[in-house]
Protein chains: 2
Amino acid sequence: MQAPLEAPARPRAATAAGDAHQRLRAMILDDALPPGTQLLEAELAVLLGMSRTPVREAMIRLEQEGLVSITPRHGMRVLPISATDMREIYEVLTSLEPTAAELLARRSLPAAALAPLHQACAAMEAALAAEDRRAWAAADEAFHRGLVELCGNGRLAAMAMQVWDQSHRARMFTLNMRPLPAASTAEHRAIMQAIAAGDGDAAREMFHRHRRRGGSELIALIERSGLAWV
Amino acid sequence: MQAPLEAPARPRAATAAGDAHQRLRAMILDDALPPGTQLLEAELAVLLGMSRTPVREAMIRLEQEGLVSITPRHGMRVLPISATDMREIYEVLTSLEPTAAELLARRSLPAAALAPLHQACAAMEAALAAEDRRAWAAADEAFHRGLVELCGNGRLAAMAMQVWDQSHRARMFTLNMRPLPAASTAEHRAIMQAIAAGDGDAAREMFHRHRRRGGSELIALIERSGLAWV
DNA sequence: GGATTCAATAACGCATGCATTGTTTGCCGC
DNA sequence: GCGGCAAACAATGCATGCGTTATTGAATCC
């Protein structure tokens, strides 16, 4: 986990540009390239073992995804997340995810289609019992990803995942600063049941409250731990 | 308005890539490059008077904005908007914009800051009286843009504008197929007043109903006028 | 001593060339 | 005449080179 800043060897994408995008994105989310890191095109080209052209294309994608900023003579800078950013992100999620829950509930999918959500809930409960925060976070992510991906609106899903990614590091960082997320786990299960029952209004409402609570907790944590953060 | 497919002369961006992005985006939204249009990198390079490199970078941006798709040996294709796309887009807007209205209402900005919205409302009412649909659409866009830009959440604003752009052509196309948007105009005014009064709940609720009605009207129109559209 | 200007340098944006790879055309067998 | 195969072609993805321009550092002036 403390490898000396090296490009992880992954299943290569078909193109060097796609490969660069995936690998840089992974390195940013894993904190292998911590916030504030500045890298020039040429440095990235060496790091990734390719020329500047595909690196540039990857940088453009990462910039549009809100993970880095590009400044002409200073290369690419991994963006930190401030308390303001977290507020924005949670406002967006508080808006989009309850909508996704409502849409999903109203889709009346066959019960089998909701299996990923059931599994995520179970994994969350198991992780809570084992007090394994990392496993809990993974299950939480699986739940939220599954929810937006199943809701039947690809644009909504892509947007939710985009801000979710932006806040990934902050969630990982605060994970050990929070009490065990017992309430949150129970809320997921309740939302799950409302969706399975096809109760769109309940699913939306419960998710809304879930996000409001979770968001304010996280933002409070971040503000307490100092600004200009992550 | 029927120029023979030529790059419009605009205030040039600092870089050729940025210039290409702006110009292509404008040409797509203005229907100078109609949906389904396929253009190879080399063709775009000639059209825009630059080499393939900056064109490629512009294409990547446009693809991430959901305006075109890139297929390796077939170049860039201007994406059409189907009824399904419109449903997705309006679901996203129905989620994000009421949130923006609520956020804006709760910001209690000085009254002067809401001037853009007041002006947009007035322009909409004037256009309605003059039965000028094009002017009405412009004012409508100004209102919605102003709303999300003033709400204090840049991410939300960017996301809303992205899907707004995606549906621009469809709105323009259906403009003359709809009755004069009298109800919609009145709703904007009412939302405006709720925002000015700082009543977040009312603003959100009214906007929610506004979008639901407008969305279903538009989708009905599109479905009636045949699929695989725009 | 500190600020300013000019020159050297470095990074970038773009153009271009090449190898790769998918597509298409033309030919052959049926 | 039609389907299949092979060769030519074309578009792309990437590497590379160059001109432009911002930045840095050094020398000079106040």
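Convention: sequence-line order gives letters A, B, ...; per-chain numbering from 1. For the numbers below, each heavy atom of this structure counts, side chains included, while hydrogens, waters and symmetry mates do not.
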Nearest whole Å is fine: how far is [N] [atom2] from [X] [atom1]?
X	N	atom1	atom2	answer
B:I70	D:dA11	CD1	C1'	13 Å
A:L40	D:dA22	CG	C1'	13 Å
B:L48	C:dA15	CG	P	11 Å
A:M50	D:dT16	CE	C1'	16 Å
A:L39	C:dA10	CG	P	18 Å
B:Q38	D:dA10	CD	C1'	15 Å
A:L44	C:dA11	CG	P	12 Å

Is any side-chain N of the basic residue among [X] and [Y] closer than 4.0 Å to the acidic one's carboxylate O?
X	Y	answer
A:E102	A:R106	yes
A:R87	A:E91	yes
B:R171	B:D140	no

Taking atom types as they are modelled, is there a donor-acceptor pair under 3.5 Å from the base of C:dT16 to the side chain of B:R52?
-> no
Assess whether side-chain hydrogen bond (donor to acceptor under 3.5 Å, both in side chains) is satisfied between B:R178 and B:T174, documenting all intermediate values.
-> CA-CA 6 Å; B:R178 302 168 56 185; B:T174 48; 5.3 Å; no
For A:Y90, what residues pass the ring-ring contact (aromatic ring centres under 6.0 Å, His included) criterion, not counting sequence neighbours?
-> none
Where the side chain of [X] is concerned, which of [options] is the nearest nucleotide?
X	options	result
B:E41	D:dT12, C:dG13, D:dA11	D:dT12
A:P72	C:dA15, C:dG13, D:dA11	C:dG13
A:R73	D:dT21, D:dA15, C:dC14	D:dT21

The side-chain contact (heavy atoms from CB on, under 4.5 Å) partner of A:M76 among A:I60, A:T37, A:V55, A:V68 is A:V68
Phosphate OP1/OP2 of C:dT23 contacted by B:H74 side-chain N/O (<4.0 Å) = yes
Does OP1 or OP2 of D:dC14 have a side-chain N or O of A:T53 closer than 4.0 Å?
-> no
Which donor-acceptor pairs under 3.5 Å do the side chains of residues 42-50 of chain B make with protein atoms, sequence neighbours left out?
residue	atom	partner	partner atom	Å
B:E43	OE1	B:L40	N	2.8

Members of residues 54-68 of chain B that approach DNA chain D, where some heavy atom sits under 4.0 Å away = B:R56
